[in-house]
Structures are given as C-alpha cells and as structure tokens.
Amino acid sequence: MTQSGLAVFDMDGTLLDSLPDIADCVREILASHGLPPVSDVAVRGMIGNGVHALVESLIRLTDPNGRAGLNAEQTVSQFLSLYTPRATRLSRLFPGTEEALETLRKHGWTLAVCTNKPEAAARHILDAFNLTPLFASIGAGDSFPARKPDPAHLLGTIALAGGQPASTVMIGDMMPDLLAARGSNVRSLFAAWGYGDPAFAREADASAVGMAEVPGKVMALLG
C-alpha cells in the first residue's frame with residue numbers, strides 16, 4: 001500500500017510558468033533606466049533564488065559599470081511594486097497541476113509550498129488560481145530568516161504543515177530546491193518541465209517530465 005506523506009512544491013518553474021510576467025516586469029524596469037530589453041531566455045536563467053538574486057543577476061548583465069544607476073535595493077522595491085499586483089496577468093499553471101494536486105490529496109497526502117518568492121506575491125498567485133485552500137503551509141522567501149537552498153527554509157515549511165522530513169518529498173526544478181531537500185534529509189523529485197538545467201536531475205532522487213507524472217513518482221519515493 002502506498003504511504004502518504006507531505007508533498008512540498010516549489011512555485012516558479014514547478015507549479016507556475018511565471019516567466020512571462022517576471023520578464024515583462026524586468027523589461028519595464030530596464031526601460032525606465034534607458035536600458036535595452038532582455039529576452040525571456042535571459043530572465044529564465046535569473047529565476048529560482050529569490051528577488052534579490054534576480055536583481056543582482058540583472059544588474060551584472062545590463063549595468064555592470066553602474067552607469068545606468070541600477071541600485072540593488074531600489075530595483076528590488078521597483079520589481080516588487082510592479083510584479084506583485086500583476087503576477088498572474090500572463091503566468092499560467094503548468095498543464096496538469098490542479099489534477100496532480102487533487103490526486104495527491106485524494107491519496108491522503110498533505111501539500112505545502114516552499115518558494116523563494118516573497119509571501120505577498122506567492123499568496124496572491126495561489127489565491128488567483130484558487131489553490132490556497134489546498135496547501136497546509138506556504139513557506140515563502142521572507143517567511144523565515146533563511147531561504148532555499150538553506151535547509152532551514154524547507155524544514156520550517158515542513159513544520160508549519162505538521163509534517164516530518166522522513167515522510168516528505170520536495171518537488172522543484174532548480175538546485176536550491178534539491179540542495180534544500182538534501183540538507184533536510186528529504187527525498188526530492190526534479191521537475192524536468194521547469195526552468196532548470198536537465199543535468200540537475202542527477203541531484204534528485206527521481207525525475208518527472210510533467211505534472212501528470214508527479215503523484216505516481218512522489219508516492220513511489222515513499223513507497
């Protein structure tokens with residue numbers, strides 16, 4: 001009989017194809033400083049480590065000499081003011097997400113979110129897609145003193161959901177997800193449909209090519 005447990009999902013590149021809205025906001029910031037736009041592909045490589053890391057990558061790419069006046073803290077504030085209200089204007093759930101979440105719940109699994117996104121943006125997105133009631137906890141990038149890849153972020157999210165590391169699976173597409181799982185003694189499932197390099201799959205306990213595979217793969221990891 002399949003063992004139930006806690007399934008913890010990353011957000012960007014795992015539950016949500018958020019790249020279109022993030023890239024749109026990045027280009028608006030660049031335009032406000034008289035800088036040329038960057039491609040979605042360039043922005044995709046900046047996602048996964050939180051807003052501060054995204055902004056630092058953006059500055060390194062577009063204003064390495066500081067001539068355009070991109071200040072890190074000011075740019076973070078500008079990004080959040082632009083992004084949070086419209087985080088679901090262009091973004092969409094990956095195909096099969098709702099069905100996968102409901103399947104896990106029907107099999108007795110508890111669900112949680114562990115994302116480096118700020119909590120306000122994460123909750124706004126989950127509310128917009130009517131997903132909030134499905135999750136026992138939402139551990140965001142500013143919910144704890146640490147964030148992924150620090151295990152404390154994942155462990156805090158697990159505790160809030162009333163789970164235990166030994167019966168938890170972390171599902172994510174980037175190295176911070178997989179490293180947080182490893183540091184927490186939590187099994188990991190690589191979301192191969194997301195933004196991460198396919199080579200990251202080697203660092204996970206298992207891999208799934210789409211959301212439809214997630215329930216079976218997650219349950220097998222604790223089977």
Side-chain angles (χ1 to χ4, degrees), residues 1-16 48-50 93-94 96-127 129-192 194 196 200-201 203-208 211-223:
M1 183 174 178
T2 303
Q3 180 182 357
S4 61
L6 171 65
V8 181
F9 288 86
D10 173 49
M11 184 168 274
D12 295 324
T14 302
L15 293 174
L16 185 77
N49 291 289
L93 298 175
F94 282 104
T97 293
E98 292 161 301
E99 295 84 352
L101 297 177
E102 290 292 357
T103 297
L104 284 166
R105 279 166 53 87
K106 285 175 185 175
H107 282 82
W109 283 68
T110 302
L111 308 179
V113 168
C114 185
T115 174
N116 280 338
K117 263 189 187 318
E119 186 168 348
R123 290 188 177 278
H124 173 75
I125 290 165
L126 294 174
D127 286 346
F129 288 108
N130 299 312
L131 295 181
T132 304
L134 300 181
F135 294 101
S137 70
I138 300 167
D142 51 0
S143 299
F144 305 101
R147 63 175 182 263
K148 297 178 299 185
D150 192 316
H153 186 183
L154 178 54
L155 290 170
T157 302
I158 292 169
L160 280 178
Q164 296 293 328
S167 55
T168 297
V169 178
M170 175 76 212
I171 304 99
D173 66 314
M174 299 293 282
M175 284 304 299
D177 307 310
L178 307 180
L179 291 173
R182 183 187 301 166
S184 305
N185 291 317
V186 164
R187 293 172 181 84
S188 60
L189 179 68
F190 177 62
F200 295 167
E203 306 300 325
D205 294 302
S207 178
M211 265 290 182
E213 285 191 352
V214 167
K217 297 267 186 166
V218 162
M219 289 187 271
L221 283 172
L222 291 191

As an exercise, state the distance from [atom1] of [X] to [atom2] of [Y], rounded to the nearest 0.5 Å.
X: M174; Y: L179; atom1: CE; atom2: CG; answer: 11.0 Å
X: C114; Y: L155; atom1: SG; atom2: CG; answer: 9.0 Å
X: H124; Y: F129; atom1: NE2; atom2: CZ; answer: 9.0 Å
X: I138; Y: K117; atom1: CD1; atom2: NZ; answer: 13.0 Å
X: L189; Y: D10; atom1: CG; atom2: CG; answer: 12.0 Å

Report summary line: The side chain to side chain donor-acceptor pair (under 3.5 Å) partners of N185 (sequence neighbours excluded) come to none
Kindly indicate whether the side chain of [X], heavy atoms from C-beta on, has any atom under 4.5 Å from the side chain of [Y].
X: R187; Y: L222; result: yes
X: L15; Y: M211; result: yes
X: T97; Y: F9; result: no
X: R147; Y: T115; result: no

Query raised in the report: Residues two or more places apart in sequence or in another chain: which of them pass salt bridge (Lys or Arg N to Asp or Glu O under 4.0 Å) with E99?
Result: none
**Report entry** Partner residues of R123 under the salt bridge (Lys or Arg N to Asp or Glu O under 4.0 Å) criterion, sequence neighbours left out
**Finding:** E119
Under the side chain to side chain contact (heavy atoms under 4.5 Å, CB included) rule, collect the residues that match up with [X], sequence neighbours excluded.
X: A204; answer: L178, S188, F190
X: A159; answer: none
X: E98; answer: L93, L131

What are the two closest heavy atoms between [X] and [Y], and how far apart are they?
X: G163; Y: L6; answer: CA-CD2, 4.2 Å
X: A152; Y: D150; answer: N-OD1, 2.8 Å
X: S184; Y: P165; answer: O-CB, 3.6 Å

Requested in this report: Would you mind listing every salt bridge (Lys or Arg N to Asp or Glu O under 4.0 Å) that reaches into residues 152-170, with sequence neighbours excluded?
Outcome: none
Query - Residues forming a ring pair (Phe, Tyr, Trp, His ring centres under 6.0 Å) with F144, sequence neighbours excluded - result: H153
Do any side-chain atoms of residues 212-220 form donor-acceptor pairs under 3.5 angstrom with protein atoms, and if so which ones, sequence neighbours left out?
{"unit_1": "E213", "atom_1": "OE1", "unit_2": "V209", "atom_2": "N", "d": "3.1"}
{"unit_1": "K217", "atom_1": "NZ", "unit_2": "S207", "atom_2": "O", "d": "3.0"}

**Report entry** Single hit among V8, L111, T110, T157 for side-chain contact (heavy atoms from CB on, under 4.5 Å) with F135
**Finding:** L111
Query raised in the report: Would you say the side-chain atoms of D142 pair up with the backbone N or O of P118, donor to acceptor, closer than 3.5 Å?
Result: no
Query - T168 side chain vs V186 backbone, donor-acceptor pair below 3.5 Å - result: no
Query raised in the report: Can you list every side chain to side chain donor-acceptor pair (under 3.5 Å) pair that touches residues 169-183, not counting sequence neighbours?
Result: T14-D173, K148-D177, R182-E203
Report task. Kindly state each residue pair satisfying ring-ring contact (aromatic ring centres under 6.0 Å, His included) with at least one member in residues 167-189, sequence neighbours excluded. Result -> none
Query raised in the report: Does the side chain to side chain contact (heavy atoms under 4.5 Å, CB included) test come out yes or no for I158 and Q164, once each step is laid out?
Result: CA-CA 6 Å; I158 292 169; Q164 296 293 328; 5.5 Å; no
